[in-house]
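Below is one structure, written out as structure tokens; the observations come after it.
These numbers come from a predicted model, not from an experiment. Residue numbers start at 1 and run along the sequence shown.
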Amino acid sequence: MYERRAFIAAAGTAAVALAGCSSDGGPTDTDSGTPSPTPTGGTVVEMTDELRFEPATVTVGVGETVVWETVGSVAHSVTAVEDGIPADADYWASGGFDSEAAARSSYPDGSVGSGETYSHTFETAGE
């Protein structure tokens, strides 16, 4: 069994809710769902063995990137909560899923393993 923890990231002024999970898996980039190296720059959010995102909240502007990195031995997923993203924003999740339902039903696919990263660049201003 795994636990999900809520995480709020702000894109512009709107909140983007995320859920994290523990399991095995690998990192993905924001567009292709394929493994990607740790990007340079951006805001880094550590995903810990305590199933937490640190920091718990971040504020980013349009065009800025958030990098989630698994810093412990427990893998995590990064899943946008559809009710928390702007209506005109594309859906995003580690694993390259096109909806929250697809990301959740496919778990543990899309997990970000120990020492790996997932990044997302916020292209749409929040509300």
Side-chain angles (χ1 to χ4, degrees):
M1 180 198 261
Y2 56 89
E3 291 183 39
R4 294 184 184 263
R5 303 274 181 161
F7 171 78
I8 304 297
T13 59
V16 177
L18 305 174
C21 313
S22 62
S23 183
D24 296 322
T28 58
D29 75 21
T30 53
D31 298 320
S32 67
T34 59
S36 61
T38 302
T40 57
T43 299
V44 176
V45 175
E46 294 181 345
M47 299 183 293
T48 72
D49 282 346
E50 292 77 28
L51 303 180
R52 295 185 183 155
F53 292 96
E54 294 180 2
T57 61
V58 297
T59 301
V60 298
V62 172
E64 293 180 348
T65 300
V66 175
V67 178
W68 289 266
E69 180 178 8
T70 301
V71 296
S73 60
V74 178
H76 297 265
S77 65
V78 180
T79 304
V81 176
E82 287 175 315
D83 290 344
I85 62 175
D88 56 342
D90 291 332
Y91 184 79
W92 52 273
S94 58
F97 300 102
D98 61 2
S99 70
E100 182 180 354
R104 292 184 183 277
S105 67
S106 297
Y107 182 81
D109 291 345
S111 293
V112 181
S114 180
E116 298 174 330
T117 64
Y118 169 78
S119 64
H120 177 74
T121 301
F122 290 85
E123 300 294 346
T124 304
E127 300 169 350

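- No side-chain heavy atom of Val66 sits less than 4.5 Å from a side-chain heavy atom of Tyr118.
- In Asp49, the CG atom is crowded: over 12 heavy atoms of neighbouring residues, nucleotides or ligands sit closer than 6.0 Å.
- Summarising the geometry of Pro86 relative to Ala125, their closest heavy-atom pair is CG-O, 3.6 Å, with the distance given to 0.1 Å.
- Shown here for Ser105 and Ala102, the closest heavy-atom pair between the two residues is OG-O, 3.3 Å.
- Rounding to the nearest 0.5 angstrom, the gap separating the CG atom in Asp88 from the CD atom in Glu123 is 12.0 Å.
- In the hydrophobic clustering of ILVMFWY residues, with side-chain heavy atoms under 4.5 Å counting as a link, Phe97 and Trp92 come out apart.
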Query raised in the report: Can Trp68 and Val45 be said to form a side chain to side chain contact (heavy atoms under 4.5 Å, CB included), step by step?
Result: CA-CA 5 Å; Trp68 289 266; Val45 175; 3.7 Å; yes
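- Distance check: Met47 CE to Thr70 OG1 gives 3.5 Å after rounding to the nearest 0.5 Å.
- The two residues Ser114 and Gly72 have their closest heavy-atom pair at OG-O, 2.7 Å.
- Using a 3.5 Å distance cut-off with no hydrogens or angles, the side chains of Glu50 and Thr48 do pair a donor with an acceptor.
- A ring-centre distance under 6.0 Å is found for His120 and Phe122.
- In terms of heavy atoms, Gly63 sits closest to Thr121 at O-CG2, 3.5 Å.
- Taking both residues in full, the closest heavy atoms of Glu46 and Val71 are given as CG-CG1, 3.6 Å, listed atom of the first, atom of the second, then distance.
- A chain of hydrophobic side-chain contacts below 4.5 Å, direct or via other Ile, Leu, Val, Met, Phe, Trp or Tyr residues, connects Val58 to Val78.
- Residues Val112 and Ser94 share a closest heavy-atom pair of CG2-CB, 4.0 Å.
- To the nearest 0.5 angstrom, Ile85 atom CD1 is 8.0 Å from Asp90 atom CG.
- For the atom pair His76 NE2 and Glu69 CD, the distance stands at 11.0 Å (nearest 0.5 Å).
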